[in-house]
Amino acid sequence: MVTVPLILLSIPAVIIGWVAIEPMLFGDLFKGIIMISSTHDVLAQVGSHFHGAWSFVLQGLMSPAVWLAAAGVLLAWLTTMKFPVVAQQAEQRFSWLNRLLKNGFGFDDFNKAVFEKGSLGLGRGLWKWSDLKLIDGFMVNGTAQSVGHLADVSRHMQTGLMYHYAFVMIFSVLAIMTWVLFF
Amino acid sequence: MLANWPLLSLLVWLPMLSGVLVLLFSGRSSQMARWLSLIASLAIFLLSLPLAFDFDVAQSAMQFVERYPWVPSFHVEYFLGVDGISMPLVLLTTFTTVLVVLAGWDVIEEKTAQYMAAFLIMEGMMIGTFAALDAIQFYFFFEGMLIPMYLVIGIWGGPRRVYATMKFFLYTFFGSVFMLIALIYMYFQADSFSILDFHKLPLNMTEQILIFLAFLIAFAVKIPMWPVHTWLPDAHVEAPTGGSVILAAIMLKMGGYGLLRFSLPITPDASQVLDAFMIFLSLVAIVYIGFVALVQSDMKKLVAYSSISHMGFVTLGMFVVFMIMANPVGDGGASLALEGTMIQMVSHGFISAAMFLAIGVMYDRLHSREISSYGGVVHSMPIFAGFFVLFAMANVGLPGTSGFVGEFMVILASYKANFWIALTAALSLIIGAAYTLWMVKRVIFGEVRHAEVSKMPDLNAREMVIMFSLAFFVILLGVWPDPLANVMHATIDNLVQHIAQSKL
């Protein structure tokens, strides 16, 4: 289903690449637009060995990377399609390697255990202990409760008995006079 | 034509008068109250547009100024005006109010007139706060708007609404008391309540630090900053959708606006001395609150925590300015930080409003805010799912959306101040992506786990209008933030020059 669109897309891709490689990568198309430090100018290095699109393709095909990739494809075809028994035996003999590769070197498990569970644990801890218990429970609601308790205690001072009030007034006057005279 | 009109007075008082008018329909025709509110809010929004069109971007001084004596014996004035900082926030307020009226259209069936009136009155108070240039007038509007919001949460809120309203009211009222004391102190020094006179007031370091702390208590609660933030998740969870939208989109901005209008220009030396403390609190808000958002099972609570985290960028941008000015690297770092702060405030206004409205759309259908109640919403509401994913991406700070611009500018400016501050702030992008996209995954995608979800109808025409208008601004500001930044340039440059000069 996607074969035809892919073929149709690949044709202009090859043509545009063929025509545009020289002006785009080694020409003046981006002059004054993209600034590259002379010490990091990799394309200039490549450009010094550029002798047209055809020789570029040939040179590319001769590079070890292409041969290694082709060898990989061939090996995969041989071991899975042509001689599947090789793949099965390799899977049994090197089961630990198979598991390691299948699990992506354990990075997913590591991410899950450390980042996912760690973040959720941290978030839960901060929310429950800091937000709910310390800030809301102790500081905010705690202040409200303290005011309530203080009011509860201080209301007992209002006894309605005249001699209590008189005693407090006399004691207060005495305390103020002591403060003024001796301190 | 409108050049000689008292535009700001109209924008302050017309919503309140409309609110009173809508109140007359209490217990009579709900439909009439709805239409009247919509017409009024639309008219007020249209009336606010000349503020943008006739605004002189080259000027840093206050524009559309109206100044009359109010209580002459105490030098209290009726003094209104806007600059590049307040004008965008006034427009954000008038725009958001239209959406709130639309959002409550079918949903609020009880005491509809009172509900709509509360929002209209609140709109006038909020515009008054942004436009007030007299400190007493500012205080009047700043406190006044608590009353309609108190009623909105207390009457139309959820099961724990009484606890939430009390907490909201006491928290914010407690903070404001210190601000009032600072304003009165400055009145005795300046013999005027004009905020512009306060800017010129010479103050020694002790005075500056005490005044800074007084303002900080008031504005930190409003933003809210860690550790005075715990009222916001409760208020959001209990508030009706409209209340959450106004809280997140406008009211939180009052805190940021207050710091820009009062703290920075009045106490620049104290701001500089305490910049590390403020940056620390901002980074704690950004990172700590991000982790807390991650474990929320209630969508509204998650977005509320996300708001606190995003508002951390606002305060971060304001106070890295002082570090940048102490060690200037290249040009424009300080202006970049403050412009990033302002763009972040406006952008967060759109995105948080969109998120709360989107959650409201789902709540109206299923009456649950729990993430676990949903799953596979895209199967029954594909159009809504598209909008929700867009707003979620904007909340994450995806390039091309408004969420990216402000955060990017603040991170860039922070880099000029200190690499580690920028790195810590940038962490929020990862944490933000984690909690937002995880919510999207559990709510929007996957299998339909509850039969009710498959019966949820997609957006109706009214909801489409709301979602589309917000999506329009989220993308417009994301790809073309220049017009907004241009409005602020002159004012921000002037502010940077002002705070660079010591008052000592």
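Numbers restart at 1 for each chain; the letters A, B, ... are given by sequence-line order, proteins then strands. Everything quoted here is computed from the prediction, not taken from an experiment.
Residues satisfying the side chain to side chain contact (heavy atoms under 4.5 Å, CB included) criterion with A/Leu181, sequence neighbours excluded, are absent altogether. Shown here are the ring pair (Phe, Tyr, Trp, His ring centres under 6.0 Å) partners of B/Phe277, two or more places apart in sequence or in another chain: there are none.
At most 12 heavy atoms of other shown residues, nucleotides or ligands fall within 6.0 angstrom of atom CZ in B/Phe408.
With a 4.5 angstrom heavy-atom cutoff, A/Leu126 touches chain B via backbone and side-chain atoms both.
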Run the side-chain donor-acceptor check on residues 213-223 of chain B: report pairs under 3.5 Å with partners two or more places apart or on a different chain.
none

What are the sub-3.5 Å donor-acceptor pairs between chain B and chain A, distances to 0.1 Å?
| unit_1 | atom_1 | unit_2 | atom_2 | d |
| --- | --- | --- | --- | --- |
| B/Tyr163 | OH | A/Asn141 | OD1 | 3.4 |
| B/Tyr163 | OH | A/Asn141 | ND2 | 3.4 |
| B/Lys167 | NZ | A/Asp136 | OD1 | 2.8 |
| B/Lys167 | NZ | A/Asp136 | OD2 | 2.7 |
| B/His229 | NE2 | A/Asp131 | OD1 | 3.0 |
| B/His229 | NE2 | A/Asp131 | OD2 | 3.0 |
| B/Thr230 | OG1 | A/Asp136 | OD1 | 2.8 |
| B/Tyr288 | OH | A/Ser130 | OG | 2.6 |
| B/Tyr288 | OH | A/Asp131 | OD1 | 2.6 |
| B/Tyr305 | OH | A/Trp127 | NE1 | 3.4 |
| B/Tyr305 | OH | A/Asp131 | OD2 | 2.8 |

